[in-house]
Amino acid sequence: MLEIENLRAVIDGKEILKGLTLTVPTGEVHAIMGPNGAGKSTLSYVLAGRAGYEVTGGSVKLDGVDLLSLEIEQRAAAGLFLALQYPVEIPGVPTTTFLRTALNSIRKGRGESDLDAIQFLRVLRQKTKALGITEDMLKRGVNVGFSGGEKKRNEILQMAVLEPKLAILDETDSGLDIDALKIVSEGVNALRDPNRSMLVITHYQRLLDYIVPDRVHVLAQGRIQRSGGPELARELEAHGYAEFGGEREAAA
Amino acid sequence: MSATLRQDYEQRRTGAAPAALAQLRAQGAADFDRLGFPTPRAERWKYTSLAPIENLPLTPGANDPLPAALLAGADRVVLGAKIERSVGALPGGVYLGSIADAPAAARALLGTLASSETEALVALNAALANDALVLFVPTGVALTRPIELVVPARPGVASYPRLLVVLEANASATIIERHEGAGAGFVDLTAEIALGTGARLRHWRVQAAGEARRIVTSAVRVGRDASYRAFTLTLGGRLVRNQCDARIDGDGGEVELDAAYLIGGDSHVDTTTRIVHGAEHGTSRQTVKGVLDGHSRGVFQGKVLVEQGAQKTDGYQLSRALLLSRDAEVDVKPELEIYADDVKCSHGATTGRLDEDALFYLRARGIPADEARALLVEAFVAEAIERVDDETVRDALLALAAGRLARDQRELAT
């Protein structure tokens, strides 16, 4: 269970999160929607521990563990996974090496033994097929020469391999055409699990047609302004974020 | 009591030497007396001061004691005051040994490729060389096993190994040079390499970390359709300069000079190369990658000169440095000088720091910060090491580079 309480965060001296409170129970998928500049990406980066974001108040707990006191990699070991809006290209580090190093680091944190190359490949093969990730992509440098859709699929593959307790999907739909969106959504849906929470961050309602959330929250001006069921997403599509002080733009 | 390099030189220049070296030594001494040590005023020495060599305390009268243990059966030669060899059977006509007994065709080339007239460190080497190791491979012979050369640096000792490699037409060989020894000693190595038509030489070099001062000067002449590929991995050293002057003399000749260095502390590593295209359809390639931590300093001076008649030359040069500390520094000077009008030549140079976004990404996937840094640095140097076209050697070099990084991490942790 993710429990965020009264979270405040500042970037470059400007307060972006202004007392955000949110709970995602274990096994549920929650969506965060909001206008540009509402603090959606800031929230994901603050949760992951990225440098440059200063937490000035509040608390974040994952299954009772205080995330804010942990280093970036310790948060990952504690079960947090952030699928990036813009996955980074890392030339020279093959995707398989990256995934195996990551998995073994996380296993170490859980007190499990390392997987050797053969055991790892067995795990990997099971997960790549459904996502349409080829051997060639696995051999290449992480995300190097990948299309936008391939990069997002690679994020979902990482999530499938690392099996986090909490997955945050930061604008995973951005830059995807409808086919890519379907593949990615199917990948995400396959990872829905009674022991896993998900936080789907998006500007548009479209993604939520494919990944249907249990709850929808509207983030604007640094706080959760309203929460509701999946129908709230459709309401936002019709009326935009204007009533929450966002720009006058339909969330379609 | 200790001696300076200059005092050591004065004492040793009059020492006995094989007759085959008499002329080389006399010429070298005359040239060195005229040239003296280069100063930063000399263009090719602008970024590298020889003070750590000139001021190195030497043990008076010390010659070069050789490591006792040689790997039995390996094709392994120790280059020191004397040449010691431990080599399995070589194919007929191949010669590996002292200049004194070398084939006349090889002896005649000694001192003709590396210029003691203009290069002070070559002159110094010539003046004090006690022997020269000759590898001679006759026409059409392929040496399948690599020849391993050990070049030791000994604390308080200056040594002047000399190497002459002659590959006749369509001959091939691989040389692996291991520069060992972490103590404060000085090695001034001069290598002369002549490749006949269609000959092929692979020349891999690894230089150990530590306090050693190493000046390596290679002069390479590449004949028609011949190929010279060299890679140098430098893991440290108080002062290291790898200078290579290669000339493509015959049409279709190929030269590749790659290097990677991973240094920290107050290490200084200088890669200075000059590739002269003197014939048509020549190819030259160069990838140099440096990783610098601590107060270390890197220098890359790479010149590609295409002479008037050298049409259809294809030259490419890339130099990239990664600075891991604010106090590390790198000087890069690529130079293209082209006198032919139908050529394809380019170069690129970058200097940067570790990509913070990539570091965050790796850590966000659970990889600890130090391991994430090592992964990124390994990937950075791998781009150069992957130019080595021998899988066994390439894997060994990658492992050495990774080991060097792992050691750095341990040192940081303590």
Side-chain angles (χ1 to χ4, degrees), chain A residues 44-53 67 70-95 97-110 112 140-144 151 154-155 157-159 161-164 167-168 170, chain B residues 233 258 260-262 287-291 318-322 324 348 350-388 391 394-395 397-399 401-402 404-406 409 412-413:
Chain A
S44 66
Y45 283 141
V46 166
L47 294 180
R50 188 169 197 147
Y53 297 82
L67 285 185
L70 301 179
E71 295 290 332
I72 300 166
E73 57 269 28
Q74 292 170 329
R75 297 183 194 199
L80 179 96
F81 180 93
L82 169 63
L84 294 181
Q85 182 177 2
Y86 302 110
V88 183
E89 293 187 14
I90 312 181
V93 178
T95 303
T97 307
F98 166 66
L99 280 170
R100 182 151 79 98
T101 311
L103 179 58
N104 281 335
S105 300
I106 282 178
R107 287 175 65 93
K108 200 176 194 174
R110 293 184 201 143
E112 297 167 2
R140 265 188 276 165
V142 176
N143 293 323
V144 176
K151 284 180 184 173
N154 194 15
E155 293 294 285
L157 172 66
Q158 292 162 39
M159 183 165 122
V161 168
L162 300 178
E163 300 181 324
I168 304 165
D170 186 8
Chain B
L233 176 64
D258 302 314
Y261 57 91
L262 299 117
T287 302
V288 176
K289 291 251 184 152
V291 178
L318 175 72
S319 149
R320 297 182 70 183
L322 182 60
L324 298 180
T350 63
T351 300
R353 301 189 180 276
L354 270 189
D355 180 352
E356 287 298 325
D357 289 341
L359 202 54
F360 168 73
Y361 192 46
L362 292 170
R363 293 180 70 191
R365 295 298 174 257
I367 300 171
D370 53 354
E371 219 176 309
R373 263 184 222 109
L375 259 181
L376 292 176
V377 173
E378 259 179 80
F380 177 81
V381 292
E383 195 190 338
I385 296 176
E386 268 151 19
R387 302 294 304 174
V388 171
E391 198 183 340
R394 189 169 61 233
D395 290 349
L397 292 171
L398 285 168
R404 164 79 224 220
L405 291 168
Q409 298 295 353
L412 286 174

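Predicted model, so just to flag it, every value in this text is computed and none were measured. Every chain is numbered from 1, with letters handed out A, B, ... down the list of sequences.
- Of the possible polar contacts, one joining the B:Arg365 side chain to the A:Leu82 backbone as a donor-acceptor pair under 3.5 Å is found.
- Proximity to chain B (any heavy atom under 4.5 Å) is restricted, for A:Leu162, to the side chain, taken from C-beta onward.
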Can B:Leu375 and A:Thr97 be said to form a side-chain contact (heavy atoms from CB on, under 4.5 Å), step by step? CA-CA 9 Å; B:Leu375 259 181; A:Thr97 307; 4.2 Å; yes
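- Heavy atoms closer than 4.5 Å to chain A are found in both the backbone and the side chain of B:Ala358.
- Note: A:Tyr45 and B:Phe360 have perpendicular aromatic rings, judged against thresholds of 30 and 60 degrees for the angle between ring planes.
- Heavy atoms only, all atoms of each residue included: B:Gly366 and A:Ser105 are closest at O-CB, 3.0 Å.
- Taken to the nearest 0.5 Å, the OH atom of B:Tyr361 stands 10.0 Å off from the CD atom of A:Glu89.
- No more than 12 heavy atoms of other residues, nucleotides or ligands lie within 6.0 Å of OH in A:Tyr86, so this atom counts as exposed by the packing criterion.
- Atom CZ of A:Arg50 is separated from atom CG of B:Asp357 by 4.5 Å, given to the nearest 0.5 angstrom.
- Taking OG1 of A:Thr101 as the start and CG of B:Leu362 as the end, the distance is 8.5 Å to the nearest 0.5 Å.
- Atom CG of A:Leu99 sits about 8.5 Å away from atom CD1 of B:Ile367, to the nearest 0.5 Å.
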